[in-house]
Number of protein chains: 2
Amino acid sequence: MASGIVSEDSEEFLVQLAWLYFVDGMTQSEIAERLGVTRLRVNRGIGLARARGLVRVEMASPFAAALDLQARLVERFGLRFARVGLADRGADDGHQAVGAALAYFLEEGLARNAWGSIGVSWGLTIENAIRALKPRSLPELEVVSLIGGTVSGLRFNTFGVAANLAQRLGARHSVLPAPIYFETQAMAEAVMASRPFHEQIRKAEEADLAILVTGDLSDRSFLVRDGLPADVTAEDLARAGAVGDLLGQFLDAEGRPIDHPINRRVVGVPVARLPAMREVVLAAAGPHKVPVIRAQLGAGLAHGLITDDVTAELLLAA
Amino acid sequence: MASGIVSEDSEEFLVQLAWLYFVDGMTQSEIAERLGVTRLRVNRGIGLARARGLVRVEMASPFAAALDLQARLVERFGLRFARVGLADRGADDGHQAVGAALAYFLEEGLARNAWGSIGVSWGLTIENAIRALKPRSLPELEVVSLIGGTVSGLRFNTFGVAANLAQRLGARHSVLPAPIYFETQAMAEAVMASRPFHEQIRKAEEADLAILVTGDLSDRSFLVRDGLPADVTAEDLARAGAVGDLLGQFLDAEGRPIDHPINRRVVGVPVARLPAMREVVLAAAGPHKVPVIRAQLGAGLAHGLITDDVTAELLLAA
DNA sequence: CTGTTAGCGATACAAGTGTATTTTTTCCTT
DNA sequence: AAGGAAAAAATACACTTGTATCGCTAACAG
């Protein structure tokens, strides 16, 4: 019902608002008066412009705030690099901060033209990062999915994530047109072995950059909550020794895939291939994810880590 | 209170503030509490971070708001392009809006690598634009002064402008090490004819982009207020038919240099050479500048115009 | 030792902002 | 044409921000 609250949400209007507010520093009531609309409209419009990523705040050296944590992470886990943003300790979803940190990391690399193809999975973190990215036109770049998608139309579906990121960057994209999990191991193997899938997965494995996310086994994980096949529960996985997932594959505390059918029904780049990839970064934060992250970093599954200060402290604490 | 709190205006502190405020959306009091400083400090720090250009708001398609005005300016004055920002009609100095517009224009071109060298003069507008620019590293780029500088240490002195812009862009720069006006015509001619000056001016004339500003004859013009030689007054110039200046040279209502000694005592690229330059843009706004701008555009002294909506309307009104 | 001054913290307050609630308008249906 | 639903406007209010003011303290010169 409450679908289109702000009706006059044309880009032109929003750009006007943004200009008058952020560039000229006019007050919302002044703008409302000048444009002949209500202050409410202005207020909502400005919010909308930010939410849509039409205006972004860029920061000169965003990672200057946590230099020490970054250095200690690199040292401790033998990483190539680490980037840590500052979390809002009040809000319980650290996605905001990590998303922004991931975006700044991507901006750096994109400015250097460091990657010809980028592999992504899914999740709120990436979704947030996309919005914080500056729109570009990079027709040479290709965004590839590292993993299948869910059937249900979740907004952070892999298909959507790859498409949105590609659109933001003016790049091409390709996905793995399959569910994350097949009903049976046989079906998954058959599909993965077929020509087009084989080639697509290979393309994913050859991406210049892979952006990984991870989830734990709690209800806070979207994969656990909505993405698991009907016949598998989080309890099953915990009993089999899992602490969380990477690319839909469930890993134990040492970062090894657990011995459970679900790991053989998955469609995506196998975790075992990650160490051979060119550049793999893990973007994850939240106290509940600390064990999973530590497992994955310990197993050498990522070259770089992007997280927030709270998570970084916890990772270093043990 | 914690021990190692960075309580000065260090970049690290400001970046922390900016991150917590703009990325995490925390309130100023929350930030103050978390960092163990007073809210006042946070408030001022955030302002400082903006003023220093440490955080910038970028906007997706900044010139979408005034498409029609731009088209009409191009049509009316036979320009290659026009960019118009939205002025705050309350504030009487339009420098904010034009500065931002100029910055967006430069961002466009810099992203395309459109220029190998950029010529600048001086003024508040350019100063504002520099702060709104994203820092870069373009060691191949050279910023050159199109004009001499003032003796007094005005902060928008040409020398400073060229140096600041170059620093922001990570570029080299060179200036015309002379005052704008010499005491006598003979001195000016002698200097301009000397080898190093001759070469420097030639380099300026060959710049890929020239950014011009202009002033009228009122007290609002910094050149008139502080930059004129002691023996010349604005009244003299007005009597000689001047309506304003371009590169320190005073022009009449048709855009022709007036016949007055001051125009022969100036150190800089002669206005007459502008039409032969590759790309010349005039960045100027304000109702009081309308006659000068119109004169200059009428005489074909610029290929492009960067201004604000108020000025654009007035230019088109006549 | 004392008076002066610069700077910071505390307090206060006016203005600005984000959101919830109620009223009005508009437009569609019957 | 009347009734009803949905959108926009008006109203209200709690909270946030920016700035002015006062008073304390510490540094410093005489």
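Please read all numbers here as calculations on a predicted model, not as lab measurements. Basis for what follows: all heavy atoms, side chains included, without hydrogens, waters or symmetry-related copies. Letters A, B, ... are given to chains in the order of the sequence lines, protein chains preceding strands, and every chain is numbered from 1.
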**Request:** State, with a plain yes or no, whether a side-chain heavy atom of B/V281 is found less than 4.5 Å away from one of B/F81.
**Result:** yes
**Message:** If you count every heavy atom of other residues, nucleotides or ligands that lies below 6.0 Å from B/R168 atom CZ, does the total exceed 12?
**Reply:** yes
**Item:** Pairwise side-chain contact, A/L48 with A/L54, heavy-atom cut-off 4.5 Å (strictly under)
**Value:** no
Give every pair of a protein N or O atom and an N or O atom of nucleotides 12-17 of chain C that lie under 3.5 Å apart, one pair per line with the distance.
{"residue": "C/dT17", "atom": "OP1", "partner": "A/Y21", "partner atom": "OH", "Å": "2.9"}
{"residue": "C/dT17", "atom": "OP2", "partner": "A/T27", "partner atom": "OG1", "Å": "2.8"}
{"residue": "C/dT17", "atom": "OP2", "partner": "A/Q28", "partner atom": "N", "Å": "2.8"}

**Side-chain heavy-atom pair A/K289, A/T311 within 4.5 angstrom cut-off** = no
**Request:** For A/L314, check side chain to side chain contact (heavy atoms under 4.5 Å, CB included) against everything at least two apart and list the hits.
**Result:** A/P287, A/V290, A/V310
**Complete:** When rounded to whole Å, the CG to P distance for the pair B/L20 and D/dT17 reads 13 Å
Show the atom names and distances, to 0.1 Å, of all donor-acceptor pairs under 3.5 Å that link a side chain in residues 101-109 of chain A to residues at least two apart or in another chain.
{"residue": "A/Y104", "atom": "OH", "partner": "A/V57", "partner atom": "O", "Å": "3.2"}
{"residue": "A/E107", "atom": "OE1", "partner": "A/R136", "partner atom": "NH2", "Å": "2.1"}
{"residue": "A/E107", "atom": "OE2", "partner": "A/K134", "partner atom": "N", "Å": "2.8"}
{"residue": "A/E108", "atom": "OE1", "partner": "A/R83", "partner atom": "NH1", "Å": "2.8"}
{"residue": "A/E108", "atom": "OE2", "partner": "A/R83", "partner atom": "NH1", "Å": "3.3"}

**Message:** Could you work out, with side chain to side chain contact (heavy atoms under 4.5 Å, CB included) as the rule, every residue matching B/E30, not counting sequence neighbours?
**Reply:** B/M26, B/T27
Using a cut-off of under 3.5 Å, enumerate the N/O to N/O pairs linking the protein to nucleotides 7-10 of chain C.
{"residue": "C/dG9", "atom": "OP2", "partner": "B/R41", "partner atom": "NH1", "Å": "3.1"}

**Asked** Taking only residues two or more places apart in sequence, or in another chain, which ones meet A/R34 in a salt bridge (Lys or Arg N to Asp or Glu O under 4.0 Å)?
**Response** B/D309
**Prompt:** Taking CZ from B/F22 and P from D/dT16, how many angstroms apart are they, rounded to a whole number?
**Reply:** 17 Å
